[in-house]
Visitor: 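This is the structure I have questions about; it appears just below.
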Amino acid sequence: MLKIAIIGGGIAGSSLYIQLKKKHHEVFVIDPRIRKIFMTLIHSLLLKDSDVIIAKKSLDFYIENKIPLKEFKSITIGKIDAKLIDLWSQVGVKIEKDKIDWLNTEGIVAEHGDRLVYVKRMIDSIPIVKEKAFISQKGNNVEVLVNNKKIDADIFILASGPWNNLLFNVISKSYYCWASLVITRNKILDNIFIYDYEKEFYSRPFLGIGL
């Protein structure tokens, strides 16, 4: 059994905590809980190549650990490679080509491909040390400090996402996602995912309750 400290209690840190605890390790998470976490995360199997397989594994993790999910139908428009459609079917997505009257186009209607994952419930369920960690390096030695006290662990996992390089000198790249929130009278848009693979655009439900 190892003593493992995870720095960062977001989606990655919380998921690691769950998996490592199942291996009977002593695990604790350090996170100051400064950043606000949106209640849901998009999970889609309608990706490309190896990302589809990775998405299926993450879906299995959510289901196994009873993380709340809400499925939505999706519509994909634009030219899609037949091999990609076959791959989606292999991981359990139900595919049907149809005329989408309200979009005035043909498209692929999919079930079991898209869902919102209530990741905030998972994150909030993980016990944490609600403090900020500081990492200092002296030669080849690294120390993790909380409230100026050295933390003792066999393994440290840095799981702070784009903030990793603020804590320690690591090469990491921030991920940016630009989004617009559109208010419309068409309630179906809050109950469906829409993908356009040619224009590289997608829409998602905001709350998923048809407002």
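Values reported hereafter were calculated over all heavy atoms of this structure, with side chains retained and with hydrogens, waters and symmetry mates removed.
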Visitor: For residues Y195 and S44, is any side-chain donor paired with an opposing acceptor at under 3.5 Å?
Guide: yes
Visitor: For D60, check salt bridge (Lys or Arg N to Asp or Glu O under 4.0 Å) against everything at least two apart and list the hits.
Guide: K56
Visitor: Taking I95 as the fixed residue, which of V109, I85, D86 is the one that meets the side chain to side chain contact (heavy atoms under 4.5 Å, CB included) rule?
Guide: I85
Visitor: Can T40 and R121 be counted as having a side-chain donor-acceptor contact under 3.5 angstrom?
Guide: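 No.
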Visitor: Could you tell me if the side chain of Y17 sits less than 4.5 Å from the side chain of I123, heavy atoms only?
Guide: no
Visitor: With the threshold set at 4.0 Å, does a side-chain nitrogen-carboxylate oxygen contact exist between E64 and K22?
Guide: yes
Visitor: Using 0.5 Å steps for rounding, measure from the OG atom of S15 to the CD1 atom of I67.
Guide: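 If I round to the nearest 0.5 Å, the distance is 7.5 Å.
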Visitor: Using a strict threshold of under 4.0 Å (side-chain N to carboxylate O), is an ion pair present between K99 and E106?
Guide: no
Visitor: Write down the atom of H112, the atom of G92, and the distance for their closest heavy-atom approach.
Guide: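 Heavy atoms of H112 and G92 come nearest at CB-O, 3.6 Å.
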Visitor: Could you tell me whether the side chain of S74 and the main chain of E111 form a donor-acceptor pair under 3.5 Å?
Guide: no
Visitor: Taking it one step at a time, do D81 and K83 satisfy salt bridge (charged side-chain N to carboxylate O under 4.0 Å, His left out)?
Guide: CA-CA 5 Å; D81 190 297; K83 290 181 179 178; over 6 Å; no
Visitor: Checking side chain to side chain contact (heavy atoms under 4.5 Å, CB included) for the pair F72/L116: CA distance, chi angles, key distance, verdict?
Guide: CA-CA 8 Å; F72 293 86; L116 295 180; 3.6 Å; yes
Visitor: Within a strict 4.5 Å, meaning less than it, do heavy atoms of the T184 and D190 side chains meet?
Guide: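 No, their side chains stay 4.5 Å or more apart.
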Visitor: Between G113 and V93, what is the shortest heavy-atom contact and its length?
Guide: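 Nearest heavy atoms, G113 then V93: CA-CG2, 3.8 Å.
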Visitor: Do S125 side-chain atoms and M122 backbone N/O form a donor-acceptor pair below 3.5 Å?
Guide: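 A pair under 3.5 Å: yes.
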Visitor: Is there a side chain to side chain contact (heavy atoms under 4.5 Å, CB included) between L158 and I6 once you walk through the steps?
Guide: CA-CA 6 Å; L158 190 53; I6 300 172; over 6 Å; no
Visitor: Quick check: does any side chain N or O of D154 sit under 3.5 Å from a backbone N or O of L2, one acting as donor and the other as acceptor?
Guide: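 No, D154 side chain to L2 backbone: no donor-acceptor pair under 3.5 Å.
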Visitor: Measure across L69 and V117 and return the closest heavy-atom pair with its distance rounded to 0.1 Å.
Guide: CD2-CG2, 3.5 Å
